[in-house]
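Below: the structure, in structure tokens.
Proteins get letters first, then strands, A, B, ... in listed order; numbering begins at 1 in each.
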Amino acid sequence: MTAITWQQTSADGAARRGWLDTPHGRVETPVFMPVGTRGAVKAVDSDDLKAIDTGIVLANTYHLMLRPGSESIEKLGGLHSFMNWDRPILTDSGGFQVFSLDPLIEEEGVSFRSTVDGDPVKLTPESAVRIQEGLGADIIMVLDVCVGLPAPPTVVKAEMERTLRWAERCINAQQRSDQGLFGIIQGGVDPDLRVLSARETAQMDFPGFGIGGLSVGESGTDRNRAIEAATSELPVDRPRYVMGLGDPEGLVDAVARGMDMFDCVLPTRHARHGKVMTASGDLNIRNQEYELDTGPLDESCQCLTCRHYTRAYLRHLFRMKEITAMRLLSIHNLSYLTDLMRDARVAITEGNFATFNADFRETRRPGSA
RNA sequence: GUGGCCGUAGCUCAGUCUGGUAGAGCACCUGGUUGUGGUCCAGGAUGUCGCGGGUUCAAGUCCCGUCGGUCACC
């Protein structure tokens, strides 16, 4: 009995719908997972997330190991209890920080300088697993090396191979049986490397697979090709998680190619910067054109923000840097992506995903509003 | 009343000594941010240089006058 299982409930072309079962319940896929780096999705709380119908959230090993420390969280009863979230949680391993914080990478592990106090911090495949076991998420990730693109092919290949070696070490380090450890596929935008990485990773029999190293500046065409290459080698009965992907078009592209899970800071970060995702395209709430606009952010949205507040009011709050603006815009953007995935699931079941995809793209086009 | 200082973009002010394309920060108007540092970056619009006269090829800058503000002293 593995902690994490996934089963397909319907499909339309390559797109697929399913159930992801975890110790904290079932999540319908495809699903978007809000990012709660330090045990909180910025600007919103767990009640807000439930109102949005968030099924699962992500938290971050690197940030939580520094503060408050996984030992503290373990003593406090684990991450679920700590953050008052009784639905599934996925923790990222710190692999992305390998990319974003530019640490020293050695075969043993990676060495960072702490972003909190400047102290040297080391993360190895074994310690990444140990820390994630202390945090107690339902799904944990292997420590990988995410290479910034573009990068020399030799570097992409070498770090993809290092990720494979580290994946083995993570499996050997795992002690808890009530968590699902996902492997991560690397290989940049080279389809051959993606195939190789996926084949080797799939042989390790993980209960699910992350596709990492994307959404780091590559074109949509390159990303889709990399996803397709990786998928060709992945088992059909395991969930596929595209790490860091969050732009609406990218999500639908990935769902069309059989991807099941996504996480991204985009909806919440954009919210804090005034950018709003809507069915008729993105808009910037600080723009002057909304000064006297009494409509909702998105006519087709039923979120708390769209039910109660006007664009004019939200523009005012945002320009005045009122904390409430961040909460309300975050609620909306998270709702938009959550609802987009819900609509995709329905379309898959009804067998009209292609129509859904075409309509989505048409209405998102600039000026179509 | 006398003396000093100040008056330049919506705001706060550089630039005046030593004349040579009207500037900065903030604010304003746009764009960017993908396994999170509420940041940051990039671009754009903005002028009766208080007013009047003079000197000069050329004045925000030098000279004279004047108006307004402010401080000190009577």
* Does a side-chain N or O from A/Asn287 land closer than 4.0 Å to OP1 or OP2 of B/G31, or not? -> yes
* To do: Using a 4.0 Å cut-off on protein heavy atoms (strictly under), produce a 5'-to-3' string for nucleotides 35-42 of chain B with B for base contact, S for backbone-only sugar-phosphate contact, and - for none.
  => BBSBB---
* Asked: What residues in residues 252-261 of chain A put a non-hydrogen atom under 4.0 Å from any atom of RNA chain B?
  -> none
* B/C17 versus B/U30 - spacing of their P atoms, nearest Å -> 41 Å
* Structure fact -> Partner of B/G1 under the Watson-Crick or G-U wobble criteria, both distances under 3.5 Å, comes out as B/C73
* To do: Please state the P separation for the pair B/G68 and B/U56 - nearest whole angstrom.
  => 32 Å
* Asked: Rounded to the nearest Å, what distance is computed from the CG atom of residue A/Asp282 to the C1' atom of nucleotide B/U30?
  -> 15 Å
* **Nearest-angstrom distance, C1' atom, B/G47 to B/C11** => 14 Å
* Asked: Under a 4.0 Å N-O cut-off, is there an ion pair linking A/Asp260 with A/Arg16?
  -> yes
* Only counting residues at least two apart or in another chain, list the ones meeting salt bridge (charged side-chain N to carboxylate O under 4.0 Å, His left out) with A/Arg176. => A/Asp178
* Asked: Taking the P atom of each, how far is B/U61 from B/U18, in whole Å?
  -> 15 Å
Can you give the donor-acceptor pairs under 3.5 Å from side chains of residues 36-45 of chain A to other protein atoms, not counting sequence neighbours?
unit_1, atom_1, unit_2, atom_2, d
A/Asp45, OD1, A/Asp47, N, 3.2
A/Asp45, OD1, A/Asp48, N, 3.0

* Asked: Would you call A/Glu161 and A/Lys157 a salt bridge, taking side-chain N to carboxylate O under 4.0 Å as the test?
  -> yes
* Identified pairing partner of B/U66, criterion: Watson-Crick or G-U wobble below 3.5 Å -> B/G50
* Using the test side chain to side chain contact (heavy atoms under 4.5 Å, CB included), find all partners of A/Pro68 that sit at least two apart in sequence or belong to another chain. => A/Leu64, A/Ser72, A/Ile73, A/Phe82
* Taking the same atom, P, in B/C29 and in B/G10, what whole-Å distance lies between them? -> 15 Å
* Do NZ/NE/NH1/NH2 and the carboxylate oxygens of A/Arg169 and A/Glu126 come within less than 4.0 Å? -> yes
* To do: Quote, to the nearest angstrom, the C1' distance that separates B/G44 from B/G52.
  => 36 Å
* Considering only the P atoms, how many Å lie between B/C40 and B/G4, rounded to the nearest integer? -> 46 Å
* With both distances under 3.5 angstrom, what nucleotide forms a Watson-Crick or G-U wobble pair with B/U16? -> none
* **G-U wobble or Watson-Crick pairing nucleotide for B/A45 (cut-off 3.5 Å, both distances)** => none
* Under the ring-ring contact (aromatic ring centres under 6.0 Å, His included) test, residues paired with A/His316 that sit two or more places apart -> none
For residues 302-309 of chain A, run the donor-acceptor check on the side chains, cut-off 3.5 Å, and write out each pair with its distance to 0.1 Å, sequence neighbours left out.
unit_1, atom_1, unit_2, atom_2, d
A/Thr305, OG1, A/Leu328, O, 2.7
A/Arg307, NE, A/Gln302, O, 2.8

* To do: Determine which pairs satisfy salt bridge (Lys or Arg N to Asp or Glu O under 4.0 Å) with at least one residue from residues 199-218 of chain A, sequence neighbours left out, and list them in order.
  => A/Arg199-A/Glu233, A/Asp205-A/Arg238, A/Glu218-A/Arg223
* Asked: Which base, if any, makes a Watson-Crick or G-U wobble pair with B/G25, both distances under 3.5 Å?
  -> B/C11
* Quote, to the nearest angstrom, the P distance that separates B/G53 from B/U70. => 28 Å
* To do: Please work out if A/Arg319 contacts a base, only the sugar-phosphate, or nothing of the nucleic acid, heavy-atom cut-off 4.0 Å.
  => sugar-phosphate
* Asked: Counting any heavy atom closer than 4.0 Å, what does A/Arg67 reach on the DNA or RNA strands: base, sugar-phosphate only, or nothing?
  -> nothing
* salt bridge (charged side-chain N to carboxylate O under 4.0 Å, His left out) with A/Glu107: which residues, sequence neighbours excluded? -> A/Arg162, A/Arg165
* Asked: Expressed in angstrom and rounded to an integer, what is the separation of A/Glu289 atom CD from B/C28 atom P?
  -> 17 Å
* To do: Tell me the partner of B/U55, counting only Watson-Crick (N1-N3 plus N6-O4 or O6-N4) or G-U wobble (N1-O2 and O6-N3) with both under 3.5 Å; none if nothing fits.
  => none
